[in-house]
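Comments concern the structure below.
Order of appearance sets the numbers: ligands from 1, and atoms from 1 within every ligand. Below, each value reflects all heavy atoms present in this structure, side chains not excepted, and no hydrogens, waters or symmetry copies.
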Amino acid sequence: MEIERIVQSQRDFFKTQQTKSIAFRKMYLEKLRNLIIDHENTLYEAIHKDFGKSKFDTLTTELSFVLHDIDYYIKNLKSLSKPRKVSTNLVNLPGKSRIYPEPLGCTLVIGAWNYPYQLSLSPLIAAIAAGNCCILKPSEIAGNTMKAMSELINNNFPSDYIYVYEGGIDETTEILKLRFDKIFFTGSTKVGKIVYKAAAEHLTPVVLELGGKSPAIVTKDANLEVAARRIVWGKFLNAGQTCVAPDYLLIEETIQEQFLEMLRKYIQEFKYYEGSEQYTRIINKKNFQRLEQLIEKEKIYFGGNINEEKLYIEPTILHHVDWQDSIMQEEIFGPILPVISFNNYNLAINTVLEHEKPLAAYLFTNNSEEKEVFTRKLSFGGGCINDTIMHLGNENLPFGGVGHSGMGSYHGQYGFEAFSHLKPILEKATWGEPSIKYPPYSEKKLSWIKKLM
Ligand code: NAD
């Protein structure tokens with residue numbers, strides 16, 4: 001199998017130690033940067049063909065994100081890679097303790113289709129920065145972007161260092177049989193389990209970036225205008241096909257009517273309608289039909305118009321929803337926002353707690369007690385107070401899930417560490433050797449040890 005040969009060639013290349021040089025890593029990060037800039041228009045065209053994503057959204061949520069990652073690592077590579085001094089405890093004195101970040105070897109990145117550039121290239125960039133070889137398998141569902149990335153990289157990088165492997169389920173099943181030193185997977189919880197099982201065969205460590213049902217909670221103490229604008233943006237960006245989009249809205253009963261009107265206003269103001277350049281289409285028929293089934297006509301508060309030929313689903317708000325409805329049973333991953341109202345904030349928080357830990361959670365309030373309960377009581381991958389999605393834009397915050405929304409994290413330093421082994425070394429002086437730890441043991445030595453410990 002050709003891919004088996006390429007993985008073996010990456011193993012052989014890694015053994016030459018060349019990827020460990022900071023200059024080598026920087027050279028290829030810069031190369032990737034220039035390639036992205038030089039082929040910007042090709043990348044825009046490919047994603048537009050895949051699901052009509054606008055140039056503006058592609059720049060802000062994909063390319064500028066990836067370019068920023070490259071710049072971050074180029075700037076910080078030296079300090080991230082250098083041995084980290086830590087203090088040495090009494091029993092190990094005289095001595096020095098250091099942690100050496102080292103690359104893992106030959107790594108595999110499997111991407112999802114919804115932010116095809118960001119979710120494929122961002123982990124790849126972290127793998128390069130940490131000094132690894134890497135096979136990137138983007139999602140075949142966004143076939144044009146997969147092709148664009150494979151041409152960009154395979155024509156310009158040596159395959160025994162970095163290689164883009166094109167393929168769908170069959171090819172991914174095959175490649176997962178091979179041994180890697182790390183697998184970084186972004187996608188659904190269902191496929192995450194398949195990847196985790198395959199990795200276990202080789203004891204390969206994994207990062208699993210999965211999904212889930214992420215709540216947005218709005219209380220009467222929120223700045224409602226700000227909350228409405230930020231929720232509409234976070235929910236309907238990319239037509240709701242965002243892993244950290246608010247999946248559903250939990251709203252205090254007394255403000256529900258007023259707030260839903262504000263949501264309607266912002267959907268219209270943002271020009272999210274059929275044929276609008278601002279609004280992305282659904283990726284394919286399969287997802288379109290899945291989403292169509294979730295729109296319960298009698299619960300529509302706003303929207304509900306669809307066009308299968310154009311893969312268009314209007315931003316849709318459903319009210320009078322309860323936890324038993326089919327829309328509340330799975331991650332929506334589309335432009336439908338179910339609304340559940342509450343009278344008691346603490347009970348609302350408890351209902352979220354009864355479900356799987358989500359990838360994200362958002363609270364809109366200016367009440368410090370409510371903020372405290374949200375932060376301390378709920379477990380979720382990451383989130384915001386008084387915003388949606390923007391926590392991903394701060395490279396100092398780790399991004400990843402917990403429980404069924406994933407394991408491990410990346411971005412900034414965390415991405416570097418996801419692709420590194422932190423190797424601790426204790427270097428002892430050869431003088432000042434106390435005989436107390438060596439046999440033959442005695443009562444006297446024991447009483448000294450007790451005191452020391
Ligand atoms: P998916 O799990 O269907 O596919 C992801 C990748 O796995 C693709 O590259 C695909 O080729 C491969 N794959 C699919 N089925 C496979 C199988 N049976 N065996 C081996 N490989 C297989 O996910 P998707 O539809 O691309 O993305 C949507 C999901 O991803 C949502 O659940 C979303 O929340 C999640 N997601 C998470 C993040 C994150 O950062 N946590 C980001 C984006 C999307």
Side-chain angles (χ1 to χ4, degrees), residues 50-51 61-62 65 108-124 126 135-143 145-146 149-150 164-178 180 183-199 201 206-214 234-235 237-248 282-288 290-291 329-334 356-361 380-383 389 391-393 397-411 414-415 418:
D50 277 334
F51 56 123
T61 64
E62 305 243 23
F65 203 96
L108 171 66
V109 169
I110 302 177
W113 57 264
N114 59 326
Y115 288 81
Y117 297 132
Q118 191 209 126
L119 299 174
S120 296
L121 298 177
S122 224
L124 171 71
I135 304 276
L136 165 63
K137 208 300 289 176
S139 172
E140 74 287 3
I141 307 272
T145 57
M146 177 172 77
M149 282 186 278
S150 113
V164 176
Y165 177 56
E166 292 183 45
I169 297 179
D170 290 347
E171 290 78 6
T172 316
T173 306
E174 280 310 304
I175 202 174
L176 280 171
K177 291 182 187 154
L178 305 178
F180 290 94
I183 298 178
F184 189 108
F185 171 80
T186 303
S188 60
T189 302
K190 184 176 138 233
V191 180
K193 289 181 187 175
I194 296 173
V195 171
Y196 202 13
K197 276 188 195 153
E201 270 305 307
V206 292
V207 170
L208 300 177
E209 295 281 342
L210 312 176
K213 281 187 93 60
S214 304
K235 176 70 191 184
L237 173 76
N238 221 30
Q241 302 165 113
T242 302
C243 56
V244 285
D247 185 275
Y248 61 97
I282 305 304
I283 184 74
N284 56 23
K285 273 215 158 112
K286 191 173 157 215
N287 270 301
F288 179 92
R290 180 183 62 79
L291 289 164
Q329 309 313 313
E330 56 175 77
E331 180 185 359
I332 299 167
F333 218 57
E356 292 295 348
K357 295 174 181 177
L359 182 60
F380 49 88
I389 301 187
H391 58 300
L392 266 73
L397 294 173
F399 172 56
V402 57
H404 277 210
S405 58
M407 62 181 72
S409 59
Y410 71 131
H411 289 181
Y414 305 96

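- Distances below 4.0 Å separate heavy atoms of Thr186 from the following atoms of ligand 1: 5 (C), 37 (C), 38 (C), 39 (C), 40 (O), 42 (C), 43 (C).
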Go through it in stages, so that I can follow the logic: the residues are Leu121 and Met149, the test is side chain to side chain contact (heavy atoms under 4.5 Å, CB included), and I'd like the CA-CA distance, side-chain angles, deciding distance and then a yes or no. CA-CA 9 Å; Leu121 298 177; Met149 282 186 278; 3.9 Å; yes

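- Glu62 places a side-chain N or O within donor-acceptor distance of the main-chain N or O of Gln118, the cut-off being under 3.5 Å.
- The aromatic rings of His411 and Phe399 sit parallel to each other, their planes meeting at less than 30°, with 60° as the upper class boundary.
- Contacts of Ile194 with ligand 1, taken as heavy-atom pairs under 4.0 Å, involve the side chain alone.
- Atom 27 (O) of ligand 1 has Ala112 CB, 3.7 Å as its closest protein atom, hydrogens excluded (heavy atom only).
- Close contacts between ligand 1 and Glu140 involve ligand atoms 10 (C), 11 (O) [criterion: under 4.0 Å to a heavy atom].
- The distance from ligand 1 to the heavy atoms of Asn114 drops below 4.0 Å at these ligand atoms: 43 (C), 44 (C).
- Using modelled atom types, one finds no donor on one side chain facing an acceptor on the other under 3.5 Å when comparing Asp247 with Ser214.
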Give the intermediate values and the outcome of side chain to side chain contact (heavy atoms under 4.5 Å, CB included) for residues Thr186 and Val109. CA-CA 8 Å; Thr186 303; Val109 169; over 6 Å; no

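- Ligand 1 has no N or O atom lying under 3.5 Å from any N or O atom of Thr189, backbone or side chain.
- Considering backbone and side-chain atoms together, Gly187 places an N or O closer than 3.5 Å to an N or O of ligand 1.
- Of the protein's non-hydrogen atoms, Thr172 CG2, 3.3 Å is the one closest to atom 21 (N) of ligand 1.
- Protein heavy atom at the shortest distance from atom 23 (O) of ligand 1 is Ser188 N, 3.5 Å.
- Near Phe333, with a cut-off below 4.0 Å to any heavy atom, the atoms of ligand 1 are 28 (C), 31 (C), 33 (C), 34 (O).
- Interatomic distance, OG1 of Thr172 versus CZ of Phe185, reported as 9.0 Å (0.5 Å rounding).
- In this structure, the protein non-hydrogen atom closest to atom 41 (N) of ligand 1 is Leu210 O, 2.7 Å.
- Looking at atom 17 (C) of ligand 1, its nearest protein heavy atom turns out to be Ile169 CG2, 3.6 Å.
- Counting only heavy atoms from C-beta outward, the side chains of Ser122 and Tyr410 approach each other to under 4.5 Å.
- Glu166 places no side-chain N or O within donor-acceptor distance of the main-chain N or O of Glu140, the cut-off being under 3.5 Å.
- Heavy atoms of Lys190 found under 4.0 angstrom from ligand 1: none, in either backbone or side chain.
- Neither the backbone nor the side chain of Ile141 comes within contact range of ligand 1; no heavy atom lies under 4.0 Å.
- In this structure, atom 25 (O) of ligand 1 lies nearest to the protein heavy atom Trp113 NE1, 2.9 Å.
- Neither the backbone nor the side chain of Thr242 has a heavy atom within less than 4.0 Å of ligand 1.
- Protein heavy atom at the shortest distance from atom 16 (C) of ligand 1 is Val191 CG1, 3.6 Å.
- Residue Phe185 has at least one heavy-atom neighbour below 4.0 Å for each of these atoms of ligand 1: 2 (O), 5 (C), 6 (C), 7 (O).
- For the 3.5 Å distance criterion, the side chains of Thr145 and Tyr117 fail to qualify, holding no donor opposite an acceptor.
- Arg290 places no side-chain N or O within 3.5 Å of a backbone atom of Lys285 that could act as its donor or acceptor partner.
- Between the side chain of Thr242 and the main chain of Val244, no donor-acceptor pair closer than 3.5 Å is present.
- Residue-ligand proximity, Phe399 to ligand 1, at heavy-atom distances under 4.0 Å covers atoms 40 (O).
- Rounding to the nearest 0.5 angstrom, the gap separating the NZ atom in Lys137 from the CD atom in Glu174 is 13.0 Å.
- Ligand 1 places these atoms under 4.0 Å from at least one heavy atom of Lys137: 8 (C), 9 (O), 10 (C), 11 (O).
- Numbered from 1 in the order shown, with element, the atoms of ligand 1 that lie under 4.0 Å from a heavy atom of Leu119 read 42 (C), 43 (C).
- Met146 CE to Tyr165 OH: the interatomic distance, rounded to the nearest 0.5 Å, is 10.5 Å.
- Of the candidates Ser122, Cys243, Gly400, Gly111, Cys243 brings a heavy atom nearest to atom 39 (C) of ligand 1.
- Given atom 34 (O) of ligand 1, the protein heavy atom at minimum distance is Glu331 OE2, 2.6 Å.
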